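Because the structure is a prediction, the values reported are computed rather than measured.
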Amino acid sequence: MSLPSEKNVSALLDERRTFPPSEEFKQRANWNDPAIYDRAAKDPERFWAEQAKNLDWFTPWQRVLEWNVPWAKWFVGGKLNVTYNCVDRHAHSARRNKAAIIWEGEPGDARVLTFGMLEREVNRFANALKSLGVAKGDRVALYMGMVPELAIAMLACAKIGAAHSVVFGGFSAEALRERINDAKAKVLITADGAWRRGTVVPLKASVDDALTGTPTIEKVVVVQRVGHRVETTGSISMKPGRDLWWHDIVAHASDECAAEPMDAEDMLFILYTSGTTGKPKGVVHTTAGYLVGVSTTHRYVFDIKEDDVYWCTADIGWVTGHSYIVYGPLANGTTTVMYEGTPDFPDRGRFWELVDKYGVNIFYTAPTAIRTFMRWGKEFPEKYKLSSLRLIGTVGEPINPEAWIWYNETIGRGRCPIVDTWWQTETGCIIISPLPGITATKPGSATRPLPGIVAEVVDIDGKPVGPGGGGYLVLSKPWPSMLRTIYGDPDRYVQNYWSRYPGKYFTGDGCKLDEDGYFWLLGRVDDVMNVSGHRISTYEVESALVDHSSVAEAAVIGKTHEIKGQGISAFVTLKEGIQPSDKLKEELKNHVSTKIGSIAKPDDIFFTAELPKTRSAKIMRRLLRDIAEGRVLGDTTTLADPTVIANLKEQAKDEG
């Protein structure tokens with residue numbers, strides 16, 4: 001494990017500006033008192049206890065926290081139900097006829113579910129699950145596209161006390177099988193297909209392949225999404241006695257269902273995330289702490305108001321969708337938008353069309369998506385008013401300053417605060433982010449840990465670094481939404497997260513503190529290259545490349561080099577209208593050398609129309625390493641466009 005380069009990062013920081021909150025926004029913000037940080041720091045447990053009072057409890061907790069490193073129990077003795085807090089209490093209040101979920105399908109069909117309607121749908125499916133033998137403590141796997149039934153199924157599981165395990169609909173049959181077997185799921189919920197760029201993704205066909213080796217699955221519930229258009233994927237096979245249509249099993253189910261009282265520490269869900277060993281880690285989140293964390297951070301970070309229409313563009317198959325499409329917004333009684341398709345179908349203005357159509361006030365997306373929008377050009381968002389937007393945010397990876405500025409000017413129109421958020425599947429909720437009514441922002445920095453969060457940057461020996469220092473990000477005290485274990489593998493939980501710095505959670509991310517105490521995330525420490533003994537962050541080189549006026553997006557990886565240990569290979573996507581050339585390659589190499597130093601000058605630059613990304617818009621650097629090293633490619637089933645990697649492989653072969 002290697003430390004991020006401090007000198008190079010400092011050079012990047014020197015050029016960045018500070019954006020204080022506008023006086024108008026500060027006056028209207030729900031939280032505009034900077035003293036909240038000091039109050040929370042003096043007594044974090046008291047802070048979280050105050051936040052927990054925003055939820056409805058069947059039985060109050062007796063102790064806020066029991067902490068026996070690394071095992072935490074939050075709100076000990078308390079009982080509540082997540083779905084009661086996300087749906088029932090709103091359905092029996094003035095919010096009954098308020099939109100809970102606004103959904104738009106890729107073909108243009110749409111549905112609006114009020115809290116009252118959502119309660120009925122959740123109750124009917126919860127009763128249907130009971131009729132299939134699902135009981136408290138069972139695990140239910142979900143493998144679906146972005147349709148309302150996915151959120152309904154999650155909430156139905158939580159209502160009866162069954163833990164859900166959502167598997168992203170872009171994963172292969174083999175990946176689905178592995179996750180089902182690890183969780184020992186009893187029931188699988190899926191759909192006949194999902195729409196993507198005008199074609200049908202054959203979900204049920206993948207399910208049939210996966211279930212050839214899943215002995216614990218007893219029933220499969222299938223949502224009819226593509227229906228009569230299923231001929232685009234071939235006929236749907238329904239196995240008698242195992243496979244059931246969703247609409248059939250809910251047709252006669254009661255729309256009344258009591259919420260199961262759950263202990264604060266009962267498991268809410270398992271979500272699988274990548275591990276360094278190749279075996280996915282089943283991250284376990286529990287009931288009370290998770291809901292307190294996501295509801296609090298959703299309310300604070302996005303400055304939520306009663307009439308807001310909020311849109312997080314993530315897929316529910318990832319933790320961002322769990323926390324900030326479903327549980328956080330609904331717990332706060334917020335209208336949350338779900339969109340089924342891609343941002344470029346039927347054209348590259350689809351996202352901005354939806355912002356105007358539904359009057360979206362808060363927009364939360366990934367830096368990778370923003371860089372893609374940049375490459376497409378301003379003409380697409382400029383066709384739309386975007387006047388409803390009040391606040392915009394980023395999630396998933398560090399955002400480079402140029403993308404931040406473009407996002408601020410082109411989407412936010414210079415009037416919307418940007419909340420650049422850092423967190424992980426394991427943390428459950430946002431950990432580092434500006435509070436928009438308080439925090440001055442700096443393009444590229446997630447700013448400060450939120451109130452109630454204790455984070456540090458430490459050196460290789462675990463000692464805190466001072467302002468201007470770089471090292472590893474750790475969380476020094478427990479927080480409510482922290483993962484509790486790795487499902488079925490507690491030893492791996494201890495080893496992965498708590499063994500390097502005893503008593504502190506090791507995030508695996510490099511970080512830099514500036515002179516103001518702001519945190520600058522540098523990405524995974526395993527994305528730090530060792531070039532001739534110098535530690536260089538891939539993020540630093542990527543930021544330098546994107547700083548060039550011709551570059552829309554870049555991904556950098558380390559490649560084995562017989563002299564330097566590692567050389568630097570860069571994969572670059574150019575802006576619209578810019579043509580690749582050998583001259584431009586040299587110009588970009590020299591640009592990096594000027595910005596960072598000659599040690600960071602790329603050995604190779606490959607121009608590509610697209611970078612290989614998952615359907616959640618994350619760049620698959622692992623595949624880029626395989627290409628650069630000439631290795632057999634790893635699993636490519638989660639790629640949004642498999643042809644991208646084939647074209648890159650051919651280009652690398654030609655230039656090799």
Side-chain angles (χ1 to χ4, degrees), residues 44-86 134-140 154-155 157-166 182-185 258-273 281-297 319 322-323 326-328 331 423-429 431 452-453 475 477-494 496-498 503 505:
E45 289 184 33
R46 181 177 179 180
F47 171 82
W48 289 115
E50 290 172 352
Q51 305 311 313
K53 292 175 183 176
N54 289 298
L55 301 179
D56 285 4
W57 296 76
F58 299 144
T59 303
W61 64 85
Q62 298 165 357
R63 291 180 301 283
V64 177
L65 172 65
E66 286 184 2
W67 178 229
N68 183 18
V69 182
W71 309 104
K73 292 182 179 180
W74 281 88
F75 309 109
V76 179
K79 292 187 183 297
L80 74 169
N81 184 277
V82 165
T83 301
Y84 183 89
N85 277 279
C86 290
V134 177
K136 181 178 180 179
D138 287 336
R139 276 81 59 210
V140 176
M154 294 165 67
L155 292 162
C157 289
K159 189 151 202 180
I160 64 175
H164 60 71
S165 174
V166 180
D182 190 75
K184 298 179 175 61
E260 183 72 27
M262 302 295 289
D263 185 83
E265 283 297 312
D266 280 341
M267 181 165 60
L268 176 62
F269 65 83
I270 305 167
L271 186 59
Y272 287 88
T273 187
K281 300 174 289 188
V283 170
V284 172
H285 282 292
T286 54
T287 298
Y290 173 79
L291 195 62
V292 170
V294 297
S295 61
T296 300
T297 52
V319 73
H322 280 55
S323 298
V326 181
Y327 289 120
W423 58 295
Q424 300 174 316
T425 302
E426 293 87 345
T427 69
C429 74
I431 296 294
I453 301 295
L475 303 182
K477 289 189 177 181
W479 64 103
S481 66
M482 61 192 285
L483 81 165
R484 297 302 194 263
T485 190
I486 299 298
Y487 188 74
D489 197 349
D491 291 342
R492 190 179 184 190
Y493 165 75
V494 175
N496 274 26
Y497 303 110
W498 300 95
Y505 170 85

What's the separation between atom SG in Cys157 and atom CD in Glu260, rounded to the nearest 0.5 Å? 13.0 Å

So, taking the atom named OH in Tyr327 and the one named OG1 in Thr83, what distance separates them when rounded to the nearest 0.5 Å? 6.0 Å

Under the rule for ring-ring contact (aromatic ring centres under 6.0 Å, His included), what residues qualify as partners of Phe269, not counting sequence neighbours? His164, His285, Tyr290, His322

Do Ser165 and Val140 come within less than 4.5 Å of each other through their side chains, counting heavy atoms only? no

NZ on Lys281 to OH on Tyr493, rounded to 0.5 Å: 12.0 Å

Check the pair Tyr487 / Asp182 against side-chain hydrogen bond (donor to acceptor under 3.5 Å, both in side chains), numbers first and verdict last. CA-CA 8 Å; Tyr487 188 74; Asp182 190 75; over 6 Å; no

Measure across Met482 and Pro478 and return the closest heavy-atom pair with its distance rounded to 0.1 Å. SD-CB, 3.5 Å

Non-hydrogen side-chain atoms of Ile270 and Val283 separated by less than 4.5 Å: no

Any donor-acceptor pair under 3.5 Å from Asn85 side chain to Asp56 backbone: yes

Where Glu45 and Val64 come nearest, the two heavy atoms and their spacing: O-CG1, 3.7 Å

Heavy-atom nearest pair, Val494 first then Pro70, reads CG2-CG, 4.0 Å

Work out which heavy atom in Ala163 is nearest to a heavy atom in Met267; give both atom names and the distance. CB-CE, 3.7 Å

Donor-acceptor contact below 3.5 Å, side chain Thr427 vs main chain Cys429: yes

Under 3.5 Å, is there a donor-acceptor pair between the side chain of Ser323 and the main chain of Gly428? yes

Hey, mind stepping through Lys136 and Ile160 against side chain to side chain contact (heavy atoms under 4.5 Å, CB included) and telling me if it holds? CA-CA 6 Å; Lys136 181 178 180 179; Ile160 64 175; over 6 Å; no

Value for CG (Leu55) from CG (Asn81), rounded to nearest 0.5 Å, stands at 11.5 Å

Heavy-atom side-chain contact between Val284 and Ile486 under 4.5 Å: no

Quick check on Lys79: does its NZ atom have over 12 non-hydrogen neighbours (other residues, nucleotides or ligands) under 6.0 Å away? yes

Please check if the side chain of Asp266 supplies one atom and the backbone of Thr287 the other of a donor-acceptor pair under 3.5 Å. no

Looking at every heavy atom in both Val292 and Gln51, which two are closest together, and how far apart are they? CG1-CB, 4.3 Å

Straight-line distance of Leu65 CG to Arg63 CZ, nearest 0.5 Å: 10.0 Å

Determine, stepwise, if the pair Tyr505 / Glu426 fulfils side chain to side chain contact (heavy atoms under 4.5 Å, CB included). CA-CA 10 Å; Tyr505 170 85; Glu426 293 87 345; 3.1 Å; yes

Taking the six-membered ring for Trp, are Phe75 and Trp48 ring centroids under 6.0 Å apart? no

Check Pro490 against Trp71 and note the closest heavy-atom contact, atom names and distance. CB-CH2, 3.8 Å

Do side-chain atoms of Glu265 reach the backbone of Trp74 as a donor and acceptor pair under 3.5 angstrom? yes

Considering residues at least two apart in sequence or located in another chain, which fulfil the ring-ring contact (aromatic ring centres under 6.0 Å, His included) criterion with Tyr84? Phe58

Side chain to side chain contact (heavy atoms under 4.5 Å, CB included), that's the test. Do Lys73 and Trp61 meet it? Break it down for me. CA-CA 11 Å; Lys73 292 182 179 180; Trp61 64 85; over 6 Å; no

Calculate, to the nearest 0.5 Å, the distance between atoms CG and OG belonging to Leu268 and Ser481 respectively. 11.5 Å

